[in-house]
S.K.: 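Can you keep this structure in mind? I'll have questions shortly.
Values reported hereafter were calculated over all heavy atoms of this structure, with side chains retained and with hydrogens, waters and symmetry mates removed.
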Amino acid sequence: MQKYVIALYIRLSIEDYKYGSMSIENQRLVLNEYAAAMPEALNSEVLEFVDNGYSGTNFERPQVQKLIEMVRENRIDCIIVKDFSRFGRNSIETGYFLERVFPLFHTRFISVSDNYDSDNYKGDTGGMDVAFKYLISEYYSRDMSIKTKIRSLSEKHIEY
C-alpha cells in the first residue's frame, strides 16, 4: 500500500519576526499536531517545507516551488498550512492553486486556523468565505509594505 504523503508548508517573512505566534517553531507545532490527529496519519509520510525570510506576495520561494513541483509529479496527497497567508498573500495566485492546480492533481489543502479543508468542498471552491480570507491577506500585506516603506523613508530623512 502506497503511503499517504502529507506536506507541511511553513513560511516566515522578515516582517513576521515581530510576532511570536507566526514563528517557525509555532507553525511546526500546530501543523504536526494537526497531521498526527488525522486518520491518514497511520500510514503517512510527513514532509516539511520551510521558506524562512520570504514574502508571501509571490510564489518565487524555493520551498514552495519544490512543493508545487512535487504536487505536479503526483507525489503529495495533502498540504497543510497554519493559515492561508502562510501559503500566499496574493489572492489571484493563491486562488489559482487552491481552485485549479490542487484539484487537478487531487491534492487536498488544509488551512488549520481558517478551518478550511478542501475535502469539505468537493466540486466547490469554498465560496466567498475562502476568497475573502485570502483577499484580506493580500491587502494586509500591501498595507504593511506601504507602512514599511514610509517608515524607512522617514528614518532616512532623520539621518540627514
Side-chain angles (χ1 to χ4, degrees), residues 4-38 40-41 44-121 125-126 129-149 151-152:
Y4 189 81
V5 179
I6 299 172
L8 309 180
Y9 181 72
I10 298 168
R11 182 187 62 79
L12 189 69
S13 71
I14 293 170
E15 196 61 34
D16 289 330
Y17 285 123
K18 298 175 185 175
Y19 309 102
S21 65
M22 293 291 185
S23 73
I24 288 174
E25 296 78 19
N26 178 272
Q27 290 180 61
R28 183 176 286 130
L29 178 67
V30 168
L31 300 183
N32 276 306
E33 284 180 2
Y34 191 94
M38 294 172 63
E40 296 86 353
S44 69
E45 176 182 2
V46 178
L47 306 175
E48 186 177 280
F49 299 83
V50 180
D51 280 318
N52 191 356
Y54 287 88
S55 170
T57 58
N58 65 64
F59 283 83
E60 300 307 314
R61 295 172 257 147
Q63 291 297 300
V64 83
Q65 287 296 311
K66 182 177 177 183
L67 172 62
I68 292 166
E69 184 60 33
M70 290 180 73
V71 165
R72 289 186 170 133
E73 294 168 353
N74 287 307
R75 296 172 50 202
I76 302 291
D77 296 299
C78 178
I79 297 170
I80 306 176
V81 297
K82 183 175 182 281
D83 57 53
F84 286 121
S85 72
R86 298 302 90 204
F87 183 67
R89 288 192 181 270
N90 179 309
S91 61
I92 292 173
E93 284 187 272
T94 301
Y96 169 73
F97 286 106
L98 292 176
E99 298 171 17
R100 301 279 186 224
V101 176
F102 299 151
L104 178 66
F105 293 98
H106 308 286
T107 303
R108 182 179 180 185
F109 186 88
I110 297 171
S111 175
V112 177
S113 297
D114 295 307
N115 197 29
Y116 175 83
D117 183 340
S118 63
D119 268 6
N120 297 331
Y121 297 96
T125 61
D129 290 345
V130 172
F132 190 66
K133 284 180 183 179
Y134 46 78
L135 193 58
I136 287 173
S137 256
E138 180 175 355
Y139 282 103
Y140 171 80
S141 181
R142 285 183 187 173
D143 185 51
M144 289 303 292
S145 177
I146 290 168
K147 287 177 182 176
T148 301
K149 287 176 185 171
R151 188 175 330 128
S152 177

S.K.: Going from CD on Gln65 to CD on Glu60, what distance comes out if it is rounded to the nearest 0.5 angstrom?
M.R.: 5.5 Å
S.K.: With heavy-atom distances below 4.5 Å as the criterion, would you say the side chains of Leu104 and Arg100 are in contact?
M.R.: no
S.K.: Would Val101 and Arg72 satisfy side chain to side chain contact (heavy atoms under 4.5 Å, CB included), going step by step from the backbone distance to the final call?
M.R.: CA-CA 8 Å; Val101 176; Arg72 289 186 170 133; 4.2 Å; yes
S.K.: So how far is it from Glu73 CD to Ile68 CD1, rounded to the nearest 0.5 Å?
M.R.: 12.5 Å
S.K.: To the nearest 0.5 Å, tell me how far Lys82 NZ sits from Asn26 CG.
M.R.: 5.5 Å
S.K.: Under the ring-ring contact (aromatic ring centres under 6.0 Å, His included) test against Phe97, which residue among Phe59, Phe105, Phe109, Tyr9 passes?
M.R.: Phe59
S.K.: Would you call the rings of Tyr116 and Phe84 parallel, tilted or perpendicular, where under 30° means parallel and over 60° means perpendicular?
M.R.: tilted
S.K.: Are any non-hydrogen side-chain atoms of Pro62 and Phe49 less than 4.5 angstrom apart?
M.R.: no
S.K.: Taking the side chain as every heavy atom from C-beta outward, state whether Leu47 and Val5 have any pair of such atoms under 4.5 Å apart.
M.R.: yes
S.K.: How many angstroms lie between CG in Leu8 and SG in Cys78, if you round to the nearest 0.5 Å?
M.R.: 8.5 Å
S.K.: Please find the pair of heavy atoms, one from Ala41 and one from Ala35, that lie closest to each other, and give the distance.
M.R.: CB-O, 3.2 Å
S.K.: What I want to find out is whether Asp117 reaches Arg108 closely enough, with some N-O distance under 4.0 Å, to be called a salt bridge.
M.R.: yes
S.K.: Can you see which heavy atom on Arg86 is nearest to which on Arg61, and at what distance?
M.R.: O-NH1, 3.8 Å
S.K.: Ile80 versus Met38: any side-chain heavy-atom pair under 4.5 Å?
M.R.: yes
S.K.: Does the side chain of Tyr54 reach to within under 4.5 Å of the side chain of Ser13, using non-hydrogen atoms?
M.R.: no
S.K.: Are the side chains of Leu31 and Ile10 in contact, using a 4.5 Å heavy-atom criterion?
M.R.: yes
S.K.: Heavy-atom distance under 4.5 Å between the side chains of Asp77 and Ile6, does that happen here?
M.R.: no
S.K.: If I compare all heavy atoms of Gln27 with all of Arg11, which pair ends up nearest, and what's the gap?
M.R.: NE2-O, 3.0 Å
S.K.: Using 0.5 Å steps for rounding, measure from the CD1 atom of Ile76 to the CG atom of Leu67.
M.R.: 5.5 Å
S.K.: Which heavy atom of Thr57 sits nearest a heavy atom of Glu93, and at what distance?
M.R.: O-OE1, 4.2 Å
S.K.: Between the side chains of Ser111 and Asp114, is a donor N or O closer than 3.5 angstrom to an acceptor N or O?
M.R.: yes
S.K.: State, yes or no, whether a side-chain contact exists between Ile110 and Ile79 at a heavy-atom distance under 4.5 Å.
M.R.: no
S.K.: Determine whether the aromatic ring centres of Phe102 and Tyr96 lie less than 6.0 Å apart.
M.R.: no
